[in-house]
Amino acid sequence: MRKGRLTATVAVLPGNDLHQNSTYLDVQFWDGSTWHRIADDGDWSTTFRWARDGIAASTITITWDIPDDVATGRYRIRYHGDAKDPLGRIAPFTGVTRTFTVRS
């Protein structure tokens, strides 16, 4: 199994929205015209770790243990967070890695 890792320097508390009907992350494959989700935080091949960084900051580490049978090609990982402003309002946002290539 190959391993990919994304460390975000800025993240938010996952408890701002528990994403019970969605996901904190997805791994996407580029088929030449469209991105397709191939894994998310419900898959055994992914891990999502959050850590506090000081009083008000957070970091996350997303790891994708790349299955041996995954297709070679272009991939990216998306992080879905929910930021809370000083007034307590929550706003969703998405961060995306650079595209990376998986080779056999």
Side-chain angles (χ1 to χ4, degrees):
M1 197 172 274
R2 299 162 283 184
K3 186 173 271 195
R5 176 166 287 178
L6 161 69
T7 301
T9 56
V10 178
V12 294
L13 177 68
N16 288 345
D17 182 335
L18 297 179
H19 290 221
Q20 292 178 336
N21 294 314
S22 61
T23 185
Y24 289 109
L25 69 97
D26 51 20
V27 179
Q28 297 181 324
F29 172 73
W30 178 252
D31 72 0
S33 62
T34 305
W35 289 103
H36 297 276
R37 180 189 294 187
I38 61 150
D40 59 33
D41 58 22
D43 287 277
W44 288 105
S45 64
T46 64
T47 58
F48 176 85
R49 299 198 194 291
W50 171 86
R52 174 137 340 256
D53 184 11
I55 295 173
S58 301
T59 61
I60 59 159
T61 301
I62 295 171
T63 304
W64 178 38
D65 292 328
I66 304 167
D68 291 333
D69 63 348
V70 76
T72 59
R74 295 173 54 198
Y75 289 82
R76 69 181 186 182
I77 298 173
R78 292 191 319 161
Y79 162 57
H80 307 281
D82 297 275
K84 186 185 287 188
D85 72 16
L87 298 176
R89 296 177 296 214
I90 296 175
F93 70 91
T94 300
V96 181
T97 66
R98 292 182 182 145
T99 300
F100 57 94
T101 302
V102 172
R103 294 184 171 93
S104 55

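The chain is numbered in sequence order, starting from 1.
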Any side-chain heavy-atom pair from [X] and [Y] closer than 4.5 angstrom?
X	Y	answer
I62	F48	yes
H80	D26	yes
V96	Q28	no
W30	T99	no
S33	D31	yes

* Asked: What residues form a salt bridge (charged side-chain N to carboxylate O under 4.0 Å, His left out) with R74, not counting sequence neighbours?
  ->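 Partners of R74 under the salt bridge (charged side-chain N to carboxylate O under 4.0 Å, His left out) test: none.
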
* Kindly write out the residues that satisfy salt bridge (charged side-chain N to carboxylate O under 4.0 Å, His left out) with R89, not counting sequence neighbours, or none if the list is empty. =>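 R89 satisfies salt bridge (charged side-chain N to carboxylate O under 4.0 Å, His left out) with D85 only.
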
Residues forming a side-chain hydrogen bond (donor to acceptor under 3.5 Å, both in side chains) with [X], sequence neighbours excluded:
X	answer
T34	none
D43	none
T101	none

* Give the cluster check for W35 versus I38: same hydrophobic cluster or not, with ILVMFWY residues linked at side-chain heavy-atom distances below 4.5 Å. =>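 No, no single cluster joins them.
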
* To do: Test Y79 against every option in W50, Y24, F93 by the ring-ring contact (aromatic ring centres under 6.0 Å, His included) rule and name the one that passes.
  =>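 So the option named by the test is F93.
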
* Asked: Taking ILVMFWY side chains as joined if any heavy atoms are under 4.5 angstrom apart, and letting links pass through other members, which residues group with W44?
  ->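 The other cluster members (ILVMFWY side chains, heavy atoms under 4.5 Å, direct or chained): none.
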
* Cluster companions of L87 among Ile, Leu, Val, Met, Phe, Trp, Tyr (side-chain spacing under 4.5 Å) ->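 Other cluster members: none.
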
* Taking all non-hydrogen atoms of both residues into account, name the closest pair between A39 and T46 and its distance. =>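 Taking A39 first and T46 second, the nearest heavy atoms are CB-CG2, 4.2 Å.
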
* **Donor-acceptor side-chain pairing of D41 and T23 below 3.5 angstrom** =>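 A pair is found: one side chain offers a donor N or O, the other an acceptor, under 3.5 Å apart.
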
* From CD1 (I66) to CZ (R103), nearest 0.5 Å ->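 The distance works out to 11.5 Å.
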
* Please identify each residue that fulfils ring pair (Phe, Tyr, Trp, His ring centres under 6.0 Å) with F29, with sequence neighbours left out. =>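 For F29 the ring pair (Phe, Tyr, Trp, His ring centres under 6.0 Å) partners, ignoring immediate neighbours, are Y75.
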
* Asked: Is the backbone of R49 close enough, under 3.5 Å, to the side chain of T61 for a donor and an acceptor to pair up by distance?
  ->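 No: the side chain of T61 does not pair with the backbone of R49.
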
